[in-house]
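These numbers come from a predicted model, not from an experiment. In what follows, chains carry the letters A, B, and so on, assigned in the order in which the sequence lines appear, proteins first and then strands, with residues in each chain numbered from 1.
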2 protein chains.
Amino acid sequence: MRRKPLGMIVGGMMSAMFRELKRRTSERTDSKLTIDQVGLLYAISQNDRDVTQQDMAELMLKDKSSILRMIDSLENKELVRRAVDREDRRKNQIFVTKKGERTIEQYLQIEFELMDELLDGLSADDLDAFYRVVNHIRTRAEGALFCANS
Amino acid sequence: MRRKPLGMIVGGMMSAMFRELKRRTSERTDSKLTIDQVGLLYAISQNDRDVTQQDMAELMLKDKSSILRMIDSLENKELVRRAVDREDRRKNQIFVTKKGERTIEQYLQIEFELMDELLDGLSADDLDAFYRVVNHIRTRAEGALFCANS
DNA sequence: ACAATTAGTTGTAATAATCAACTATTTGTA
DNA sequence: TACAAATAGTTGATTATTACAACTAATTGT
C-alpha cells in the first residue's frame with residue numbers, strides 16, 4: 001500500500017475549505033474579492049511597518065506586476081490607497097482605508113465562523129500538533145526556496 | 001491577541017510548498033504539467049472504476065468544461081485517452097496511457113522526495129494528529145458544501 | 001559623474017476558470 | 001410507444017490571473 005502525496009491530501013482539504021469560504025463570502029458580502037485579494041489586504045493591515053508593493057510581492061510569492069494589479073483593483077474599490085514614500089520616492093506605501101478595514105472585519109468574521117465549524121470536535125492536543133506541523137512544513141519549504149535562490 | 005485565520009496559515013504553507021514543488025518538477029521533468037493536471041492524472045489512475053469527465057469534475061470541484069479542457073491537454077500530450085462508454089454512449093471513459101503512468105511516477109517521486117524533506121524531524125504522533133485534523137477539516141468542509149447544495 | 005540597482009509601471013501573451021447555449025444520448029413516465 | 005426531463009460532453013465567449021520583458025524614475029555605490 002503506497003502512501004498518498006502530501007500535496008494532494010492537503011490540497012483536497014484546501015479546495016473544499018476555500019470553496020465553502022468563497023460560497024459564504026459571495027453570499028454575505030457585497031464587495032467581490034478573491035481569497036488572494038483578501039489575503040493581501042489582511043497582510044497589509046497586519047504588517048508592523050508601512051509596506052511597499054515589492055514587500056507584498058515577496059510575501060505573497062508573486063510577481064510585482066501581479067501585486068500592482070491587485071492593488072489597482074483594491075484601490076479602485078477604495079479599500080487601499082497608495083502614497084509615495086517621502087524618504088525613497090521610488091517606493092509606494094500602501095495604506096488600508098477605513099472602508100478597507102471594515103471589509104477585512106467582514107471577511108474575517110465569516111472566516112472565523114467557518115473555522116469554528118471546521119475545527120469543532122478536535123482535541124486541543126491535535127490542534128496544537130496540527131499547527132506545529134504546518135509551521136514546520138512552511139519553514140522548511142521556504143528554506144528550500146531560499147537555498148535555491150541564493 | 002487575535003488568532004490568525006486558518007485559511008491564511010495553511011494557505012501560506014501551501015504556497016511555499018507548491019512553489020518549491022513546481023520549481024523541482026519544472027527542473028526535472030520534460031512534460032510541463034500544472035499541479036492540478038498532475039492531480040487529475042493521479043486521480044484517474046487511482047480510481048477503482050473507470051472514470052468519466054463528470055466524475056472528475058465532482059472530485060476536483062471544478063466545472064465540467066474545465067475538466068474537459070484539462071483532459072484535452074492531457075490527451076494532446078498522450079498521457080490519457082478517451083473512449084466512449086459502451087453502456088452509456090453519453091459518457092467518456094478516461095484511461096491513462098503507459099506514457100501517462102510513467103509521467104505520474106516521475107512526478108510522484110519528486111513529490112515524495114520533497115515530502116520526506118518537509119516532514120523530516122516531526123514526531124510520528126504529530127504527523128498522525130496532522131492527518132487526523134486534515135481529514136476532519138476536509139470532511140466537514142465537504143459536508144457543509146453538501147448541505148448547501150441540497 | 002556615472003554605472004548599477006531598485007520600485008513601480010505598462011504592454012503583451014499565456015493560462016485557467018466559468019457561464020450559457022448547444023448536441024447526443026439515456027431515463028422516466030403518461 | 002412517445003415525449004419530456006435529465007445527463008454527459010462539447011463549444012464559444014468572456015473574464016481574471018499571472019508572468020515576462022521592456023521601460024521610467026529614483027537612489028546608491030564607486
>> Evaluate A:Lys77 against A:Ser73 for side-chain hydrogen bond (donor to acceptor under 3.5 Å, both in side chains), listing each step before the verdict.
In response: CA-CA 6 Å; A:Lys77 296 186 171 75; A:Ser73 164; 3.2 Å; yes

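- In this structure, B:Lys91 reaches the sugar-phosphate backbone alone: every heavy-atom distance under 4.0 Å involves primed, P, OP1 or OP2 atoms, never a base.
- The shortest distance between side-chain heavy atoms of B:Phe130 and A:Val10 falls below 4.5 Å.
- How far NZ of B:Lys62 is from CZ of A:Arg19: 10.5 Å, rounded to the nearest 0.5 Å.
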> What do the steps show when you test A:Ser65 against A:Asp63 for side-chain hydrogen bond (donor to acceptor under 3.5 Å, both in side chains), and what is the final call?
Replying inline: CA-CA 5 Å; A:Ser65 61; A:Asp63 189 83; 2.5 Å; yes

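- Within 6.0 Å of CZ in B:Arg82 there are more than 12 heavy atoms belonging to other residues, nucleotides or ligands.
- With a heavy-atom cut-off of 4.0 Å to chain B, the contacted part of DNA chain D has its first and last nucleotide at D:dA6 to D:dA13.
- A:Gln54 has its CD atom 12 Å from the P atom of C:dT9, to the nearest Å.
- Rounded to a whole Å, the CZ atom of B:Arg90 is 6 Å from the C1' atom of C:dT25.
- Under the 3.5 Å distance criterion, the side-chain polar atoms of A:Asp120 are left unmatched by any main-chain donor or acceptor of A:Asp116.
- Between the CD1 atom of B:Ile71 and the P atom of C:dA16 there is a distance of 14 Å, rounded to whole Å.
- Residue B:Arg86 contributes atom CZ, which lies 13 Å from atom P of C:dT26 at whole-angstrom precision.
- Rounded to an integer number of Å, the gap from CG of B:Leu40 to C1' of C:dA16 is 14 Å.
- Checked by atom type, the side-chain pair A:Tyr107/A:Thr25 shows no donor-acceptor distance below 3.5 Å.
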When you compare the protein's N or O atoms with those of nucleotides 10-13 of chain C, which come within less than 3.5 Å of each other, and at what distance?
residue, atom, partner, partner atom, Å
C:dG11, N7, A:Arg69, NH2, 2.9
C:dG11, O6, A:Arg69, NH1, 3.1
C:dG11, O6, A:Arg69, NH2, 3.4

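- To the nearest angstrom, C1' of C:dA16 lies 12 Å from CD1 of B:Ile67.
- Nearest-nucleotide positions on DNA chain D for B:Asp55 and A:Gln37 put B:Asp55 closer to the 5' end.
- Summarising the geometry, atom CG belonging to B:Asp125 is positioned 10.0 Å from atom CG belonging to A:Asp126; distances are rounded to the nearest 0.5 Å.
- Judged by distance alone, with hydrogens and angles left aside, the side-chain atoms of A:Glu78 form no donor-acceptor pair with the main-chain N or O of A:Thr97 at under 3.5 Å.
- A 6.0 Å sphere centred on CD of A:Glu87 holds no more than 12 heavy atoms belonging to other residues, nucleotides or ligands.
- Taken to the nearest 0.5 Å, the CG atom of A:Leu59 stands 7.5 Å off from the CG atom of A:Asn47.
- Considering only side-chain N and O atoms, A:Arg82 lies under 4.0 angstrom from the phosphate OP1 or OP2 of C:dT9.
- At whole-Å resolution of the value, CG in A:Asp36 and C1' in C:dA17 are 14 Å apart.
- Distance, A:Asp88 CG to C:dT6 C1': 8 Å, rounded to whole Å.
- No hydrogens or angles were tested; on distance alone, nothing pairs the side chain of B:Arg89 with the base of C:dT25 as donor and acceptor under 3.5 Å.
- In DNA chain D, runs of at least 3 stacked Watson-Crick or G-U pairs (N1-N3 plus N6-O4 or O6-N4, or N1-O2 plus O6-N3, all under 3.5 Å) give these stems: C:1-30 with D:1-30.
- Contact of the B:Glu113 side chain with the B:Arg24 side chain is registered, since non-hydrogen atoms from C-beta on lie closer than 4.5 Å.
- Projected onto DNA chain C by closest heavy-atom contact, A:Thr52 and B:Asp85 fall at different nucleotides, the more 5' of which corresponds to A:Thr52.
- Phosphate contact (OP1/OP2 of C:dA17, side-chain N/O of B:Lys62, threshold under 4.0 Å): present.
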